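Right, one structure below, let's go through it.
Fair warning: this is a prediction, and the values are worked out from it, not measured in the lab.
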Amino acid sequence: MRATVNDTCIGCGLCAGTCPVVFSMGDDGLAHGGEIPDNQRAEAETARDGCPVSAISIED
């Protein structure tokens, strides 16, 4: 399972604060996703659902 962040990201940092195992803030000031460990699925979904611009997708 993988989380991706699209180009509507505004760099608010909510996802990285909610689920730092999956999301990180890049040098470009925007969030970047990654692989979701099984034990982080709920946190990744919370980050996705809390994104103010709906920039996060979670794919199997």
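- Remark: Cys9 SG to Asp28 CG distance equals 8.0 Å, nearest 0.5 Å.
- Partners of Val53 by side-chain contact (heavy atoms from CB on, under 4.5 Å), not counting sequence neighbours, listed by chain and number: Thr8, Ile10, Cys51, Ala55.
- No side-chain heavy atom of Thr46 sits less than 4.5 Å from a side-chain heavy atom of Cys19.
- Looking at every heavy atom in both residues, Ile36 comes nearest to Arg2 through CD1-C, 3.9 Å.
- The side-chain contact (heavy atoms from CB on, under 4.5 Å) check on Asp7 picks up nothing, with sequence neighbours excluded.
- Here the rule is side-chain contact (heavy atoms from CB on, under 4.5 Å) with Ile56, and of Thr4, Val22, Val5 only Val5 fits it.
- Among residues at least two apart or in separate chains, there is no side chain to side chain donor-acceptor pair (under 3.5 Å) pair with a member in residues 11-23.
- Listed by first then second residue, pairs satisfying side chain to side chain donor-acceptor pair (under 3.5 Å) with a partner in residues 51-60 number zero, not counting sequence neighbours.
- For Glu45, the side-chain contact (heavy atoms from CB on, under 4.5 Å) criterion is met by Arg41, Arg48, Ile58, not counting sequence neighbours.
- Under the side-chain contact (heavy atoms from CB on, under 4.5 Å) criterion, Ser24 pairs with His32, sequence neighbours left out.
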